[in-house]
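Throughout, residue positions are numbered sequentially from 1 according to the sequence presented. These figures come from a predicted structure and were not determined experimentally. No hydrogens, no waters, no symmetry mates; every other heavy atom, side chains included, goes into these values.
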Amino acid sequence: MKDRATALADEALLLCGTDFRLHGRDAETGLDCVGLAGLCISAVNLQSMVPTGYSLRGGNVEVIIGLMEQAGFEKVCRQSAPLDGDVLLVRVSPVQLHFMIRAQDGYVHAHAGLRKVVLSPGSCPWPILAIFRIMES
């Protein structure tokens, strides 16, 4: 039986190729990074509180940390090496936050420019603000 982190990473990989859509919450109609993270979190039977109505720019890191902790994640030291199934909060520009999921020697994320959910191999290309890891009970 897979642990939750492995299952979360596998779910993210299965969603690669899904269309990008801002505020998207359904793989059939498209996902943004929040929708991607929410679907993957729900797939491993954790409660995700997926916000809606946010803009592409901005966001409150402390609010996001609180929501992730409520969903069953712990914030780990951002200098830690991300593990498969970790959810990362990164800063892609001075005014834009983004979620990525560590999987298979890369990061799955909803890429607005490519208009798809993709696996970006290698290291994280943006500054990491927080790494969230599933708390196993």
Side-chain angles (χ1 to χ4, degrees):
M1 175 183 249
K2 293 182 196 176
D3 64 25
R4 282 183 168 179
T6 300
L8 192 146
D10 288 349
E11 184 68 21
L13 289 167
L14 288 173
L15 291 167
C16 286
T18 300
D19 288 337
F20 174 87
R21 184 171 65 89
L22 183 61
H23 300 142
R25 299 293 180 266
D26 184 320
E28 294 297 315
T29 58
L31 299 169
D32 66 4
C33 69
V34 175
L36 171 67
L39 274 182
C40 292
I41 291 168
S42 294
V44 297
N45 297 316
L46 293 173
Q47 295 296 318
S48 63
M49 298 181 60
V50 181
T52 59
Y54 51 84
S55 71
L56 192 55
R57 305 278 190 269
N60 184 310
V61 174
E62 294 307 314
V63 169
I64 293 168
I65 291 170
L67 290 172
M68 293 298 288
E69 288 173 345
Q70 287 175 13
F73 289 79
E74 61 182 327
K75 183 176 173 258
V76 298
C77 176
R78 65 180 184 201
Q79 281 75 32
S80 298
L83 304 174
D84 282 2
D86 284 352
V87 179
L88 280 70
L89 180 65
V90 300
R91 183 172 302 282
V92 297
S93 78
V95 296
Q96 188 175 1
L97 304 176
H98 187 58
F99 279 118
M100 305 176 83
I101 299 170
R102 176 70 184 180
Q104 208 174 62
D105 297 323
Y107 297 89
V108 177
H109 62 113
H111 196 299
L114 295 176
R115 309 296 298 165
K116 297 277 183 202
V117 174
V118 298
L119 172 64
S120 295
S123 61
C124 181
W126 299 295
I128 298 171
L129 300 179
I131 299 173
F132 301 103
R133 189 163 292 155
I134 295 173
M135 291 187 286
E136 294 293 341
S137 49

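Summarising the geometry, atom CG belonging to Leu15 is positioned 11.0 Å from atom CG belonging to Asp10; distances are rounded to the nearest 0.5 Å. A distance of 7.0 Å separates CZ in Phe132 from CD1 in Ile64, rounded to the nearest 0.5 Å.
Side-chain contact between Leu13 and Leu119: present, with at least one pair of heavy atoms (C-beta onward) separated by less than 4.5 Å. Counting heavy atoms from C-beta on, the side chains of Thr18 and Glu28 never come closer than 4.5 Å. When side chains are defined from C-beta on, Cys16 counts as touching Val108, because their heavy atoms get closer than 4.5 Å. Between Ile65 and Met68, every side-chain heavy-atom pair lies at or beyond the 4.5 Å cut-off. Counting only heavy atoms from C-beta outward, the side chains of Glu11 and Cys40 approach each other to under 4.5 Å. Side-chain contact between Phe20 and Leu31 is absent, with no heavy atoms from C-beta onward closer than 4.5 Å.
In the hydrophobic clustering, where aliphatic and aromatic side chains (Ile, Leu, Val, Met, Phe, Trp, Tyr) are joined below 4.5 Å either directly or transitively, Val118 groups with Leu114. Counting Ile, Leu, Val, Met, Phe, Trp and Tyr side chains that sit under 4.5 Å apart, directly or through other members, Leu88 shares a hydrophobic cluster with Val76, Val90, Val92, Met100, Tyr107, Trp126, Ile128, Ile131.
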Checklist entry - Between His109 and His98, is a side-chain contact (heavy atoms from CB on, under 4.5 Å) present by the stated rule, with each step listed? => result CA-CA 8 Å; His109 62 113; His98 187 58; 3.0 Å; yes
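A salt bridge (Lys or Arg N to Asp or Glu O under 4.0 Å) check over residues 59-75, counting only residues at least two apart or in different chains, returns nothing. Sorted by first and then second residue, the pairs that involve residues 106-123 and meet salt bridge (Lys or Arg N to Asp or Glu O under 4.0 Å), not counting sequence neighbours, are Asp19-Lys116.
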Would you tabulate the side-chain donor-acceptor contacts of residues 77-86 under 3.5 Å, counting partners in other chains and residues two or more places apart, or write 'none'?
residue : atom : partner : partner atom : Å
Ser80   : OG   : Cys77   : O            : 2.9
Asp84   : OD1  : Gln104  : N            : 3.4
Asp86   : OD1  : Arg133  : NE           : 3.0
Asp86   : OD2  : Leu83   : N            : 2.8
Asp86   : OD2  : Arg133  : NE           : 3.3
Asp86   : OD2  : Arg133  : NH2          : 2.7

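Of the charged side-chain nitrogens involved, at least one lies within less than 4.0 Å of a carboxylate oxygen, so that Arg25 and Asp32 count as a salt-bridged pair.
Closest of all the heavy-atom pairs between Gly122 and Arg102 is O-NH1, 3.8 Å. Closest non-hydrogen pair, Val44 versus Leu8, comes out as CG1-N, 3.5 Å. Here the shortest heavy-atom pairing between Leu36 and Ile101 reads CG-CD1, 4.2 Å.
Side chains of Thr29 and Asp26: no donor on one and acceptor on the other come within 3.5 Å.
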